[in-house]
Visitor: 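The structure is given below, and queries will be raised subsequently.
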Amino acid sequence: MTQIGSVRNETRHAALGLTDEKVVRMYEIMVLARKFDERAQLLQRAGKVNFHISGVNQEPAQVAMAFAMDKEKDWFLPYYRDYAFVLSAGMTVKELMLSLFAKGEDPNSAGRQMPGHFGCKRLRIVTGSSPVTTQVPHAVGFALAAKMRGEPSVSLVSFGEGSSNQGDFHEGCNFAGVMKLPVIFVCQNNGYAISVPFSKQSAGRISDRALGYGFPGYRVDGYDPFEVYRVFKEAHERALAGEGPTLVEVMTYRVSPHSTSDNDMAYRTKEEVDFHRGKDAIPAFRQYLEEHGLWSEEREKALLADIRKEIDEATEYGERAPFQPVQDAFRYVYAEASAEEVR
Amino acid sequence: MTQIGSVRNETRHAALGLTDEKVVRMYEIMVLARKFDERAQLLQRAGKVNFHISGVNQEPAQVAMAFAMDKEKDWFLPYYRDYAFVLSAGMTVKELMLSLFAKGEDPNSAGRQMPGHFGCKRLRIVTGSSPVTTQVPHAVGFALAAKMRGEPSVSLVSFGEGSSNQGDFHEGCNFAGVMKLPVIFVCQNNGYAISVPFSKQSAGRISDRALGYGFPGYRVDGYDPFEVYRVFKEAHERALAGEGPTLVEVMTYRVSPHSTSDNDMAYRTKEEVDFHRGKDAIPAFRQYLEEHGLWSEEREKALLADIRKEIDEATEYGERAPFQPVQDAFRYVYAEASAEEVR
Amino acid sequence: MPVIEYIEAIRTAMKEEMERDERVFVMGEDVGLKGGVFGATKGLQQQFGELRSLDTPLAESAIAGVAIGAAMAGMRPIAEMQYSDFMFPATNQIISEAAKIRYRSNNDWDCPLVIRAPIGGGVFGGLYHSQCPESVFFGTPGLKIVAPATAYDAKGLLLAAIRDPDPVLFFENKKCYRLIADEVPEGDYTVPIGKSNVMREGSDITVIGYSMPLHFAMQAAEELSREEGIEAHILDLRTIQPLDREGILEAAARTGKVLIVHEDNKTGGVGAEVAAIISEELLYDLDAPIRRLCGPDVPAMPINPPGEKHFMLNKDKLKAAMLDLARF
Amino acid sequence: MPVIEYIEAIRTAMKEEMERDERVFVMGEDVGLKGGVFGATKGLQQQFGELRSLDTPLAESAIAGVAIGAAMAGMRPIAEMQYSDFMFPATNQIISEAAKIRYRSNNDWDCPLVIRAPIGGGVFGGLYHSQCPESVFFGTPGLKIVAPATAYDAKGLLLAAIRDPDPVLFFENKKCYRLIADEVPEGDYTVPIGKSNVMREGSDITVIGYSMPLHFAMQAAEELSREEGIEAHILDLRTIQPLDREGILEAAARTGKVLIVHEDNKTGGVGAEVAAIISEELLYDLDAPIRRLCGPDVPAMPINPPGEKHFMLNKDKLKAAMLDLARF
Ligand SMILES: Cc1ncc(C[n+]2csc(CCOP(=O)(O)OP(=O)(O)O)c2C)c(N)n1
Ligand SMILES: Cc1ncc(C[n+]2csc(CCOP(=O)(O)OP(=O)(O)O)c2C)c(N)n1
Ligand SMILES: [Mg+2]
Ligand SMILES: [Mg+2]
């Protein structure tokens, strides 16, 4: 449905340099991530897995930021709700399922870490941990390495608004600011850190903190993926041009409980949650595509069928796959080859 | 030479609510602190003491901030260059000398800690340590206690601009911002953290960081003690009124090497240092007093003679005083009375 | 006496002490409305208000540091670390500050602070929700460290910790929270910090440990008694700093054969110190080398169930080690 | 072979490795123009430029964390902590991150990082410029920890540490910097991580330790040999994690009388593990209880000279303890 000339210039995505194929692909990944997440919740409720931590409602922004990045050159340090981000970066649903079932073939950690703890060198996704915000200085280290080696590489690091109150946020941002490093700091402000509302986490805007580090900070509506894309694209360009870091605060809302272990009704109301659920950006994105002749009911049906099949197969595969053998459970504390050989 | 009515209203100090006595006292303490510091440097050069860390050039601002505080009710968490501050809070030169000579009678630590590591419950000066910036959350804790007990007490905490890049700065400020606690954060920006110039410590203004925590931040000229006083007085009033914290960045310059162990000519020029030494606020303050008929050559002479005597006596006392007996060197790891008794 | 759960004993201690002493308050992540991720502070905010059951920003160094300030100011804060795995950002505040405040000020200042943190695995928490951080803080003079295994000790030690004039790390075992329940007096009592407790008398082998693994030892001991006639003497250290030297030596001398157990990994753990103390004082009374059965020297347990099980101590592993020692 | 100072050996190792491998760089507070507060990085910025001898903001968690990121990205960072007392803000990055990166990613990622930090007292540094932090990091699987006592080992171990594929904490003793000088080969050589070294052969008593106190032991041993005919066998652990079990057992078996020495405080120190290893494997070969002579269990040494002296180990304290053990 790509058109030429004047018409193309009128679409929001074309104005942003996004091809029709890309914008369609963005939509497909948003839906894929949503469906994966819903399945994971079901699997947990059915007792098939112990734990899931959900990214529902944050997917459109995650996909938009990922699409602004360079998958071949950049480095990614996502956080535990970034399913849509890592799917955009190339992780497969099967791999996510292997992680959810904590199976040996899981590329993230061979089933050692919790689901949502991403890491995959092949996809330039840097291994992450549970203690929040430690990844922020790591991202700065990747950016420093890029600068030292003269590589055109940007690092992107995600974290929640609660996590932005850790010392490592401050130390990492300041370091990057001083050295004008190519890094994008992404605060996904979803209103809660477990039970603690944003009003008890900080009395300022997270984006305003950038000023004190000498680089730009933006607050952007997470329900507007095009705007998210625009801001990240710009940040990416600034980074590549040697103009230094950018802090982006993506405003969103966590519609799921914190994790499957959490009962969110102890600290917020169903009305509040439903209000935000109603703002879901996925249907709006679909509508946009349809309005521009890029999507249809049939394509939707086909997509859902494909996704269902993919997730079914991945679930089955994940469920059946073996755990890491216990004789390997204690491996890789240190390199197995001697220092001599690795040199 | 206090005058009445209209004349008083014209003076800068009266407009700020400072009596003639107070403003004269401020000057006396600035000079006392300077002379103490110079003596300490001499003693170190003469090999009488091992180590001194100097506050020269920062005294006028330190005195001004101290005078804006309430000595009976507030809590003070100074840093190692705050000699003029602690002298304003009531510490004596003799006590500082006991600390410099690391003698048993030193109220700060009985000669356990380095000089400049202040602490004296009697003067509401909270014990400090060497790892920088740890005192920032402590100050917030004092402010929290004041809030919980409904006490009209403000805590003031000092640190350098290098130290403001520690995580504890961020975590402490943010905590205080959320809870609107009565605390004043003071960054004494003297341009260097040992050898590292401010340009390599941060790419932003320290005062601008307050915005991200939701409270006001001011940058103030440390060579203008009246302006410093004004800003702190206002911050103090805000704190007492329940309006929360203030961050103040006092712009000054470290004219001494970092400490007596440092050779600053390895990383900066004599010209740069001399330029700043020429901006010393003490002569200007004296001139102000003289212009307002509050000071004279005779008073200056008398003051210098008094100070000299005080410092001579303190030096002698400090030098002669005994060290803490070694049989006490391992005491007070824990409370000596049992938990039972202390209850 | 009512039988209550370990976590309930902890909750009750806080509640009762907050009623008794208005200087006492709790602070931490999610301790307010949610009542903590494990429920240890449930109801406290409702009863004592937002300030005394204080939800903090997500920043452990500030939680410790602000609590230290409040403690120096005369309050009696109980700072909750959501998981002990997440207390490492607070290390500097704990080791450089809390532990040294009294000493560095020559007794002018003090720091009566309790830091509560859940330790241990077996809850499918993976690497970072299962760790035992004792060895990091153990050996820092100025700190006291307790790690109760029973509900009775949990309440009594927590009350003692809150009233202690010095900083106390209170390591509660998250696997014990709902699995362990025992008789706990209503109202006020304390368990003295620094005193170990003989959980079981025996004459064949001595097991010394703390926290959850002692329950495995108790189960194993019952079976060994029944099946093999082997009687294990079991010592609960309860306080791991300062260690109860006398209690340790007495228990070791009792049988001359010592097995030390803890879930924290073996190398550099508390058990090394216990072994060192015994080998320093009791060498000639020993009838067997001093053994340790501990977590493996691996960063932390995996989340996958076989891996977790492989990592964790359990009754069978204890029993085998105890039997082997008895037969030595 | 030229005799050079311990600090010069460290500087030379960095310089030569930076010449050999462009992935290697140093970062830390004041490491640039000033060349470090002790001078360990002097000249590196002049030779290698601002990026490879990088002055960082005053923020240790970032120094460690950024170095970890750079290491994962394929660089070989050497992060300098100005004093080991100031590395505690970086604990979370070191223990939760560096130590676990390989394990948690099942070998997909690694973290070839060196963190250098000066330990030890005796320089009138007071509480916070004198500490030995070994016990905090010791016992964290995934970390390697070395602590050389000689210039030869300092250079060889630092080269080995930089080339090691895993994170290594390099604890250099600030009292050794200019006091210790010995023969150091020019050019490339490594001292293997994990191997102890017999500093002196003897048949009466065994002294096991690391870092500065070994020099006191060596002096005491010479005097004891001359004056009493007592011959001490002295083992330098050199690497404190992983400990060289075989080396320890061999040295202990050699005399059957063991004295363990370190400046870090006694309780929970590396010496406890050494004692535990011996008592686990060699109990029947011992002719005396295992003794430890260590720093006192006090937060840190005071700055006043008599207090500092009272706190520190020295030749006389070593000699007395060694004599006493020999006479046992
Ligand atoms: C250092 C640390 N402290 C506490 C936790 C426990 N914890 C896990 S997620 C979380 C809340 C995070 O909130 P936020 O940063 O807003 O991210 P969100 O989950 O809302 O996406 C907490 C407290 C942790 N993982 N790490
Ligand atoms: C956590 C920590 N890291 C390093 C040091 C060593 N150190 C002492 S003072 C100092 C520089 C402080 O600079 P700044 O904060 O600007 O204060 P200034 O000395 O300039 O007044 C450094 C690096 C320390 N004391 N604490
Ligand atoms: Mg959130
Ligand atoms: Mg400065």
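Below, chains carry the letters A, B, ... as their sequence lines are ordered, and counting in each starts from 1. Note that this is a predicted model, so its numbers are computed, not measured.
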Visitor: Is D/Arg104 reaching over with its side chain to a backbone N or O of A/Gln113, donor-acceptor style, under 3.5 angstrom?
Guide: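 Side chain of D/Arg104 to backbone of A/Gln113, a donor-acceptor pair under 3.5 Å: no, none is there.
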
Visitor: Pick one of side chain, backbone, both or neither for D/Glu22, based on which atoms fall under 4.5 Å of a heavy atom in chain A.
Guide: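 When you check distances to chain A, no heavy atom of D/Glu22 falls under 4.5 Å.
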
Visitor: Please flag which part of D/Asn107 lies under 4.5 Å from any non-hydrogen atom of chain A: side chain, backbone, both or neither.
Guide: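 Both the backbone and the side chain of D/Asn107 come within 4.5 Å of chain A.
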
Visitor: Give a yes/no verdict on a cation-pi contact between A/Arg112 and A/Tyr332, requiring under 6.0 Å between NZ or CZ and the six-membered ring centre and an angle within 45° of the axis.
Guide: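 Because its charged atom misses either the 6.0 Å distance or the 45° angle limit, A/Arg112 does not stack over A/Tyr332.
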
Visitor: Could you tell me which of D/Leu143, D/Ile63, D/Asp110 has the largest number of non-hydrogen atom pairs under 4.5 Å with chain A?
Guide: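 Highest number of pairs under 4.5 Å: D/Leu143.
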
Visitor: Heavy-atom cut-off 4.5 Å, strictly under: side chain, backbone, both or neither for A/Val333 against chain D?
Guide: both

Visitor: Are A/Arg209 and A/Glu249 within salt-bridge range, i.e. N to O under 4.0 Å?
Guide: no

Visitor: Strictly under 6.0 Å, is that where the ring centroids of A/Phe118 and A/Tyr83 end up?
Guide: yes

Visitor: Heavy-atom cut-off 4.5 Å, strictly under: side chain, backbone, both or neither for A/Ile125 against chain D?
Guide: backbone

Visitor: Go through the steps for A/Asp74 and A/His236 under the test side-chain contact (heavy atoms from CB on, under 4.5 Å), then give the verdict.
Guide: CA-CA 10 Å; A/Asp74 295 338; A/His236 195 264; 2.6 Å; yes

Visitor: Identify which one of A/Phe185, A/Phe169, A/Tyr79 satisfies the ring-ring contact (aromatic ring centres under 6.0 Å, His included) criterion when paired with A/Phe159.
Guide: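 Answer to the ring-ring contact (aromatic ring centres under 6.0 Å, His included) test with A/Phe159 among A/Phe185, A/Phe169, A/Tyr79: A/Phe169.
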
Visitor: D/Gly142, D/Ala70, D/Pro57: which one forms the most heavy-atom pairs within less than 4.5 Å of chain A?
Guide: D/Gly142

Visitor: Could you look at A/Arg331 and say if it's the side chain, the backbone, both or neither that has a heavy atom under 4.5 Å from chain D?
Guide: backbone

Visitor: For chain A, find its close neighbours in residues 77-96 of chain D: heavy-atom separation under 4.5 Å, sorted by number, or none.
Guide: D/Asn92, D/Gln93, D/Ser96

Visitor: Quick one: of A/Val140, A/Asp168, A/Leu77, A/Asp328, who has the most non-hydrogen atom pairs under 4.5 Å with chain D?
Guide: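 Of the options given, most contacts go to A/Asp168.
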
Visitor: When rounded to the nearest 0.5 angstrom, what is the spacing between OG in D/Ser53 and CZ in D/Phe25?
Guide: 10.5 Å

